[in-house]
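A short worksheet on the structure shown next.
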Protein chains: 4
Amino acid sequence: MSLNSFGHLFRVTTWGESHGPALGATVDGCPPGVPVEASALQHWLDRRKPGQNKYTTQRREPDEVEILSGVFEGVSTGTPIQLMIRNTDQRSKDYGEIAESFRPGHADITYWQKYGIRDYRGGGRSSARETAARVAAGGIARAALATLVPELSITGYMVQMGPRSIDRSRLDLAQVEQNPFWCPDADTAALWAEDLDALRKSGNSVGAVIEVVAKGAPAGLGAPIYGKLDTDLAAAMMSINAVKGVEIGAGMAAAMLTGIENADEITMGPDGPEYSSNHAGGILGGISTGQEIVVRFAVKPTSSILTPRRTIRKDGTPVDLVTKGRHDPCVGIRAVPVGEAMMACVLLDHLLLHRGQVGEGLRGRIG
Amino acid sequence: MSLNSFGHLFRVTTWGESHGPALGATVDGCPPGVPVEASALQHWLDRRKPGQNKYTTQRREPDEVEILSGVFEGVSTGTPIQLMIRNTDQRSKDYGEIAESFRPGHADITYWQKYGIRDYRGGGRSSARETAARVAAGGIARAALATLVPELSITGYMVQMGPRSIDRSRLDLAQVEQNPFWCPDADTAALWAEDLDALRKSGNSVGAVIEVVAKGAPAGLGAPIYGKLDTDLAAAMMSINAVKGVEIGAGMAAAMLTGIENADEITMGPDGPEYSSNHAGGILGGISTGQEIVVRFAVKPTSSILTPRRTIRKDGTPVDLVTKGRHDPCVGIRAVPVGEAMMACVLLDHLLLHRGQVGEGLRGRIG
Amino acid sequence: MSLNSFGHLFRVTTWGESHGPALGATVDGCPPGVPVEASALQHWLDRRKPGQNKYTTQRREPDEVEILSGVFEGVSTGTPIQLMIRNTDQRSKDYGEIAESFRPGHADITYWQKYGIRDYRGGGRSSARETAARVAAGGIARAALATLVPELSITGYMVQMGPRSIDRSRLDLAQVEQNPFWCPDADTAALWAEDLDALRKSGNSVGAVIEVVAKGAPAGLGAPIYGKLDTDLAAAMMSINAVKGVEIGAGMAAAMLTGIENADEITMGPDGPEYSSNHAGGILGGISTGQEIVVRFAVKPTSSILTPRRTIRKDGTPVDLVTKGRHDPCVGIRAVPVGEAMMACVLLDHLLLHRGQVGEGLRGRIG
Amino acid sequence: MSLNSFGHLFRVTTWGESHGPALGATVDGCPPGVPVEASALQHWLDRRKPGQNKYTTQRREPDEVEILSGVFEGVSTGTPIQLMIRNTDQRSKDYGEIAESFRPGHADITYWQKYGIRDYRGGGRSSARETAARVAAGGIARAALATLVPELSITGYMVQMGPRSIDRSRLDLAQVEQNPFWCPDADTAALWAEDLDALRKSGNSVGAVIEVVAKGAPAGLGAPIYGKLDTDLAAAMMSINAVKGVEIGAGMAAAMLTGIENADEITMGPDGPEYSSNHAGGILGGISTGQEIVVRFAVKPTSSILTPRRTIRKDGTPVDLVTKGRHDPCVGIRAVPVGEAMMACVLLDHLLLHRGQVGEGLRGRIG
């Protein structure tokens, strides 16, 4: 019910604003006995950290996470884990125009209308900085998953930036960490670098599509009808700043398929059912099949750009607004680790839910 | 938390299987004093009802809704409203092969694996029949919205079937109820009729994209960060059977836009802010802007088809399965009233949430 | 969040009014594979059924439960179980004075003030009839517990009626089903019969205290800090109509104890820890110890009495109100099976929660 | 669902252990525009603070609260408010025996059994220190209530310690802050001082009963059937450490009343209904009447005492345990501000819930 929480049994509440004293995540429901080290969480946070190359915001913050509770002698105790990240690079500056006017395509105007007050410094609660808390919480989820499903791996990467998509015939996960775009296709990464240089120079920004794949997830996760695995994944991804679309498996393109094409045929393999294809994205009837779970989401272009756009002030007067400051030309890049974190949280949550209602493992045997 | 519930304050729990005694919805949190008539709910159910033309399943059921509680002297009392629909056309037949084998692309296999038991008759809980309960609940939501926001209207329609999309220059909402496809473009409707005739004859099926638009929704609905209006809409639509993708506003295409293109510029109109465009789909930072709220979702092709597909039985032996019975060649058609119902439920829920936390109306004034 | 639901993973939503078409319970989260028969549920309902002796309301209803969903071939499927009980003995009569005036000590006035509408027939939603739905849901919980913890037994009984308490030295559970009061002390039962005869003749009613004991519940159920087992038990019992107080173990009398007296000393027995006493009522720090779980609750006297009491009408005019009709002189009697049902629901829920977060069994070994 | 959260719309999650780096509360759903100052929260925390007189633990901590988010320019923004209190007086010492053995009557053993790990330092999560976070959150609730219902006041006080109760004929709220026991009866306070001196010297401890009264709460708060105001109050109070019983109005004594005695008769006053008495404790059918809301709860004696008690170690060996350290001889004393805080949180939550479902004010008029 909490509007800043997600998850059923593994439940994450994030809090904090971009330029307040700190932000973080309250993580409840973690199984006991999970090894949790600040350094391991830091590994994931560092992947999201701004200022690492010229394609992300030049704001420089260590994003250092402090574990305030729920961990004793290096392992989780089963009580709430509080993760705090101090904000350290809030430049003290004049927010004049931003404080009074509303960036087009930004939450400025709706926060103001709804609440009658907004922390305009750096976007406040609507800043992409909030996603650091998700990544930290995702680190806890990954640690728990590592103890419960060691064979599970979660990998995110960018598959489209602006009009340019990767060539799937060249998809190579080993490339993902080799370029600043988490791009699994080296050739496309090179082209994106050129594209983004041009956009940045022209005071513009661009959107992107991120794909997140979970390999090794067990069958049986998810539950009809509103606790479906795909329902919760869709909600998790759509809750990330600037996301405008979410797809599972074939996604929107499923509309173009016929039933014959779409049927992922089933055969019996040595270890259980095998599928001829994966249009379903690893989920049937809201429940995982044991195939790869495939989610994609589209991130809109950063709304804070250097090109003036028409807007209004709180008093209703018009203004041509230019957003200075240190903004990502493609905020989708840094959404990759965020998408991975959300996948980890949702899978752990459904693993615990399944164990709660049904018990360990699957109840229905095949073969 | 209930896995078969959605909504925060206006909370709907659906229950029931395709071929059990009945199905329905438990609707909690409806404001008191809302006029609720079974006949008004029936109006919405009749739009979803099967067997109305040759493009939907030939199963014929009256889908008659009975109000069992929560309504007194024609108005809601504020207590739970129980809506029940008896199943009347469950043909008693031999389910032999379906009971033993798993349709490709269907929830058969995952329900079995997870629970070790499934009601295989007509798909059980995973049947599209469950959506009748949503439509009934949506009727309650519409009645409440009519008292709270009389100017609000919600309209759904199909914009794509297989590879063929509507021509948006011909979009005319007056056409929507004039053809069996809820198609707002008469010319495309005619072509879809041909397409679907051919598919049906060849024992095939096809996917579709549905768009649902809410006009007249107030600004201020939704809340950061995990109770965003778009988060809840994405979850609501993704929870509908066979949905594989959800988009808000520009949707997946937002990835192809630049920040300059994507910025919906703001000017001051006589009644408040006005926007030059609506790439945002009426939602910024998870909160409604007062523009049209635009959601799209893709429905995969029906997996129950007359063309044999390879699959396995519970015992692991292979079988070429043909699904006889009365199935929709394009289940997307009947998803249109369902999408409308989900939109109504989500908007009412967020209206109540807003009123709860913030009070009536908006707190921030512009101009 | 639903205001008519309780439980986390095993979640029960009740619905319905006293004189509407039906009432019932939507039960979500039941483990799959649990044998569920209407006849078994009926067993529990029959214990709560009115009109069985002269000490309960003379309303005569079969309280026949119908299972509408979630059960297939005699076992639960893991999907929502809808339990419906038709109301059959709603006498059509003139509700004149009751419709216009407010019984002292009854929900009449608050429902009216809050909602501006109330179903005054038989108390509507606030009728003790609602508890039939709880008893039915409790029957599901008992069936699930029987498969998961076969050694668990739950027994409720009355320990006080008006000023007269049982003599604990004579407490004999075998007596509980031998008298109309669920009284474990035969001598006290005889005296209660005299007491209640006199009260009934004088147009009066009386309160009672019920004790519910769970024997054989495993250690480890419950969770800090707001999901404590005692927190959930207190809420469950307090939610029953007319309950004004809840105690765990020593209860309110704990205030009178010293730390030396209150300490349930621990020794090591052959099967694990043993305790010298049970002031804790089987719960320490919100988590079960493996001892008997002991809950008591006080039920106020029925407010609908034949003796005139001063009150007002909707228009504010004064009236001396006599409540005719068929009311229980001691509504506490029929609360016994209700308290048992709530205990069953809460224990099952926490069993599933424990299994979800921690896994099967206990993680900490002693000895 | 979160096991460490309470509240529906105004939702508080507490976190932290007694001797970890910090503890605190994540407060979600606060209305925007509420003045929130750390100094105002500190006022409430100081009332609960240990070490203020010889009757509470001698642990000395400033319990200084830091507001990390959700407040901008002195008012709440509607986003989560994070309240952190650093632990500063964790004595570094040898926890030897406590780490290995289980205090009788304490959560030591159940935490260990359930989780297989416990932070034994100062009781970890089960320490009464957790209640500091509740008091801080209650300060937020009080600030919001002050803007929404300025006439509301909440006052807690002790009415019983050990076998000695206050004399209600001498009850004077002006006395409450004049003695170290929050006792509204000066004569009894003097006797309690003697009683407690003796207990403390003998290495013993004692229980207490606390009463919390809300004056000026509007009618209409609460909702059937499981979101009743009394249900939520019972859960809130029972969730406080060491509480074993909760009463509303007449409480357990309601069992001894007849219907004639218990009926709070209603008359029409100049400002609405008036009641001849308040056995109901201001709540009928789960909904507030507008009378004083009266809750009582019993706190068991502190289990950490200087008198040796028999218990066992993790390895099962017996030990006579003496708990050294700085423990409250009557932990009930410091529970008074905690009970007030819980009352504030529950009332605000229900005020928002009512506004959400029903709108501002009451819908039913009388007179």
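Chain A is the first sequence line, chain B the second, and so forth, proteins listed ahead of strands; every chain is numbered from 1.
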ask   = Is it the backbone or the side chain of D:D264 that comes under 4.5 Å from a heavy atom of chain C, or both, or neither?
value = backbone
key: Short N-O contact, D:R310 and D:D320, less than 4.0 angstrom   = no
task = Quick one: which of C:I305, C:D315, C:V246, C:V206 has the most heavy-atom pairs under 4.5 Å with chain D, could you say?
result = C:V246
key: Heavy-atom pair count under 4.5 Å with chain C, highest-scoring of D:I109, D:T307, D:I240, D:V295   = D:I109
remark   = Cut-off 4.5 Å, heavy atoms of chain C, and the answer for D:T302 is backbone
key: Considering all heavy atoms, the nearest D:P104-D:S303 contact   = O-CB, 3.4 Å
ask   = chain D heavy atoms under 4.5 Å from C:F297: which part of the residue, side chain, backbone, both or neither?
value = backbone
query = Relative to chain C, which segment of D:Q113 carries a heavy atom at a distance below 4.5 Å: side chain, backbone, both, or neither?
reply = both
task = Sort D:I260 into side chain, backbone, both or neither according to what part of it lies under 4.5 angstrom from a heavy atom of chain C.
result = both
request  = Please list, chain by chain and in numerical order, all residues satisfying side-chain contact (heavy atoms from CB on, under 4.5 Å) with D:R365, sequence neighbours excluded.
outcome  = none
inquiry  = What part of C:K228 gets within 4.5 angstrom of chain D, counting heavy atoms only: side chain, backbone, both, or neither?
reply    = side chain
request  = Heavy atoms only, distances under 4.5 angstrom: which of C:E247, C:M252, C:Q357, C:R125 has the most pairs with chain D? Name it, please.
outcome  = C:M252
query = Which atoms of D:M342 come close to chain C, meaning under 4.5 Å heavy atom to heavy atom: side chain ones, backbone ones, both, or neither?
reply = side chain
Under 4.5 Å from a heavy atom of chain C, the part of D:I117 involved = neither
query = Ion pair present between C:R296 and C:E211, side-chain N to carboxylate O less than 4.0 angstrom?
reply = yes
Structural part of D:T13 lying under 4.5 Å from a heavy atom of chain C = neither
query = Relative to chain D, which of C:A219, C:S205, C:G227 shows the most heavy atom pairs under 4.5 Å?
reply = C:S205
ask   = Considering only heavy atoms, which portion of D:P224 lies under 4.5 Å from any heavy atom of chain C: side chain, backbone, both, or neither?
value = both
request  = Sort out for me which of C:G285, C:A254, C:G359 touches chain D most, counting heavy-atom pairs under 4.5 Å.
outcome  = C:A254
Contacting moiety of C:L199, where chain D heavy atoms sit under 4.5 Å = side chain
Residue pairs, two or more places apart or on separate chains, that pass ring-ring contact (aromatic ring centres under 6.0 Å, His included) and touch residues 220-239 of chain C = C:Y226-D:F6
request  = Below 4.5 Å from any heavy atom of chain C, which atoms of D:V299 appear? Answer side chain, backbone, both or neither.
outcome  = backbone
ask   = About how many Å separate CD of D:E261 and CG of C:N204, when rounded to the nearest 0.5 Å?
value = 7.5 Å
query = chain D heavy atoms under 4.5 Å from C:R313: which part of the residue, side chain, backbone, both or neither?
reply = backbone
key: D:M161, part contacting chain C, at a heavy-atom distance under 4.5 Å   = backbone
remark   = If one checks every heavy atom of D:H279 against chain C at 4.5 Å, the contacting part turns out to be backbone
